[in-house]
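One structure below.
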Amino acid sequence: MAQTPRYRFAPSPTGYFHVGGARTALYNWILALQNNGVFVLRIEDTDDSRNNPQWTKGILEALAWLGIDSSDSHFEGPIFQSANAALHVAAAEKLFAQGVAYYCDLSTEDIQKRAKDSGKQGYDGHSRDRGLGPGKGRVLRFRVPPGSTIVQDEVRGSVEFDNSTIEDFVLLRGNGSPVFLLANVVDDITQGITHVVRAEEHLPNAPKQQMIWQALGHQPPSWAHVPVLVNEQRKKLSKRRDKVAVEQYREEGILAAAMKNYLMTLGWAPTGDTEIVPFEKITADFKLGSVNHSPAFFDIVKLQSFNADYIRAMPVGEFIRACEPWLTREKAPWQAHDYDAKVFAEIAPLVQTRVQLLQDVPSMVDFLFCDLPIIDADAFTKAFAPEWASLTLIEIREGFTTCEFTPDALKAVVEAVGEKHSLKLGKLQAPLRVAVTGRSVGPPLFEPIALLGRDATLRRIDIALAKKV
RNA sequence: GGCCCCAUCGUCUAGUGGACUAGGACACCACCCUCUCAAGGUGGCGGCACGGGUUCGAAUCCCGUUGGGGCUGCCA
């Protein structure tokens, strides 16, 4: 008797894939995995002029990046809503035939005028009993019955709506096309959806849609409205104002695992005192009933912290592979033929603990692959300000010409110069670091210098000294 | 305005009437470690919106106030 639970994620392809959408998709996906159900991906591409196939492709790619795609047997789709237009219209006609819906010929302006005259907001049911048939410019409206509608919500409990506060809403536009409210329900019915898990902004739609389900002769699904994600102003995340594109975070070098983990800590938390946990634990622990009721701030700083944690936890080999797109693409700050994967592999462990985003990697190693380092002027000035700077660097250069070119030997040379001048290594290395790497901060110095080789190192020191004098 | 939802450190959360001196994480600060920067370690700062109930006992239950949010389209 227990039927397979069927969840769905139904984005409309009107822009970049939103992190809030990703979170909703994740919830549905996890629930489907957990209950051995099905995750239906439905692209709601009906008639909106904003739709574009490019966005659909983006959604598919972003979901796949998060591990949600047809390679898993729980996945079904994508189904395109536009392909089912005939079913939507048929359902509308059925509702009209039943008398549950009626046509109305009032224009938006007419309705506004009537509302203004009567002092009441919204549509007043003017055409309820006018017996109008279908016609050009006429919309089909749902006849909201008296009484009240109770929505049983898995995260909020039961929510009651007084039907008198719900106006007779539109089902079919004047041009005959179905609106979201209808198309969404008809698709859910025909696709056998049993659980609707979506963002809280849809809660006011739930009573209307529940009435459509019932009028069409079906048991409504189990509803769950999860809190929205907000920005620092506590407003719902918007594509216009906020940085919400999943694709963009991916481009910056956020790891899918970090994104998934972080998203799941918004409005919910895994059991125990640790929030960075394997996805398997999240899948095992997650419960709709324990989802928070209030909006959550999407904190990019914390996301990045999660990401840094995930980066550090990677085996080095995996880290090196993950960095590759940022090192070999045309955006890399060096000539392709100057890049040496072997050299990068050598210092990779040193950069791994120093980046939050994969896109931060190139600037940490560029001095190894560019002919000459990109000198940071401020850092240079500051490093060479002390009177001992040039003097000690000349002595270090002396040592470098003859010493063994290994990290330990190089360090010994610098330490010896330091002892002679009573300077700590921390201070003394500053001019050397800027001369060789162009910056005052970066990975430990002597390993990269050894990698760079004697000739290149001496040349950089000479150039810095010449510039100074 | 109307309808609906919500309210624990700055932020994300744990907490489901006694184990709460309210726990963890991010951020911030200090110290330790250290060739810079990180990482790591230790410690610190910081919260139950307010007012009434109920109860032997309330962050937890009820009511009110205040504050925030969502919706209010022939968008989805």
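Proteins get letters first, then strands, A, B, ... in listed order; numbering begins at 1 in each.
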_side-chain N/O R354(A) vs G40(B) OP1/OP2, d < 4.0 Å_ = no
*Look up atom CZ in F306(A) and atom CG in L255(A), then write down how far apart they are to the nearest 0.5 Å.*
13.5 Å
*So does D117(A) pair up with K113(A), basic N to acidic O under 4.0 Å?*
yes
_Distance between P atoms of G23(B) and C62(B) (Å, rounded)_ = 25 Å
_With D188(A) via side chain to side chain donor-acceptor pair (under 3.5 Å) - residues at least two apart_ = R8(A), R42(A)
*Which part of the nucleic acid, if any, lies within contact of L266(A), taking any heavy atom under 4.0 Å across all strands shown: a base, the sugar-phosphate backbone alone, or nothing?*
sugar-phosphate
For nucleotides 61-66 of chain B, tabulate all protein N/O to nucleotide N/O atom pairs closer than 3.5 Å, reporting atom names and distance.
none

*asked:* Would you say the ring centers of F180(A) and H202(A) fall short of 6.0 Å from each other?
replied: yes
*Contact class for S12(A) vs. all strands (heavy atom < 4.0 Å): base, sugar-phosphate, or nothing?*
sugar-phosphate
_Any base atoms under 4.0 Å from T353(A), or only sugar-phosphate, or nothing? Heavy atoms, all strands._
base
*Matching residue for L172(A) among L95(A), L182(A), V179(A), V139(A) - test: side chain to side chain contact (heavy atoms under 4.5 Å, CB included)*: L182(A)
*Write down the distance separating the P atoms in G46(B) and C29(B), rounded off to the nearest Å.*
16 Å
*Using 4.0 Å as the upper bound for N to carboxylate O, is an ion pair formed by K382(A) and D376(A)?*
no
*Let me have a per-nucleotide readout for nucleotides 67-73 of chain B, 5' to 3', with B, S or -, counting only protein heavy atoms under 4.0 Å.*
--SSS--
*asked:* Base, sugar-phosphate or nothing for R156(A)? Non-hydrogen atoms, less than 4.0 Å.
replied: sugar-phosphate
*For U16(B) and A59(B), measure between their P atoms and round to the nearest Å.*
13 Å
*Which residue pairs satisfy the ring-ring contact (aromatic ring centres under 6.0 Å, His included) criterion with at least one member in residues 420-447 of chain A, sequence neighbours excluded?*
none
*asked:* Less than 4.0 angstrom between a side-chain N/O of N292(A) and OP1 or OP2 of A14(B), yes or no?
replied: yes
_Counting the atoms with a prime plus P, OP1 and OP2 as sugar-phosphate, which does F446(A) contact under 4.0 Å by heavy atoms, base, sugar-phosphate, or nothing?_
base
*With rounding to whole Å, what would you report as the distance between C56(B) and C20(B) at their P atoms?*
23 Å
_Check: T437(A) main-chain N/O paired with R460(A) side-chain donor or acceptor under 3.5 Å_ = no
*Under 4.0 Å between any heavy atoms, over every strand shown, what does P443(A) touch: base, sugar-phosphate, or nothing? Just pick one.*
base
*asked:* Regarding I311(A), tell me which of base, sugar-phosphate or nothing describes its non-hydrogen contacts under 4.0 Å with the strands shown.
replied: nothing
*Might you work through the ring-ring contact (aromatic ring centres under 6.0 Å, His included) test for F169(A) and Y123(A), ending with a clear yes or no?*
CA-CA 8 Å; F169(A) 51 92; Y123(A) 178 68; over 10 Å; no
Quick one: which protein N/O atoms are closer than 3.5 Å to N/O atoms of nucleotides 26-34 of chain B? Pair and distance per line, please.
{"unit_1": "C26(B)", "atom_1": "O3'", "unit_2": "S305(A)", "atom_2": "OG", "d": "3.4"}

*Ignoring hydrogens and angles, tell me if any N or O in the side chain of N28(A) forms a donor-acceptor pair with the backbone of F39(A) under 3.5 Å.*
no
Every protein N/O within reach of nucleotides 43-45 of chain B N/O, cut-off under 3.5 Å:
none

*Mind checking R439(A) for me? I need base, sugar-phosphate or nothing, with any heavy atom below 4.0 Å counting as a touch.*
nothing
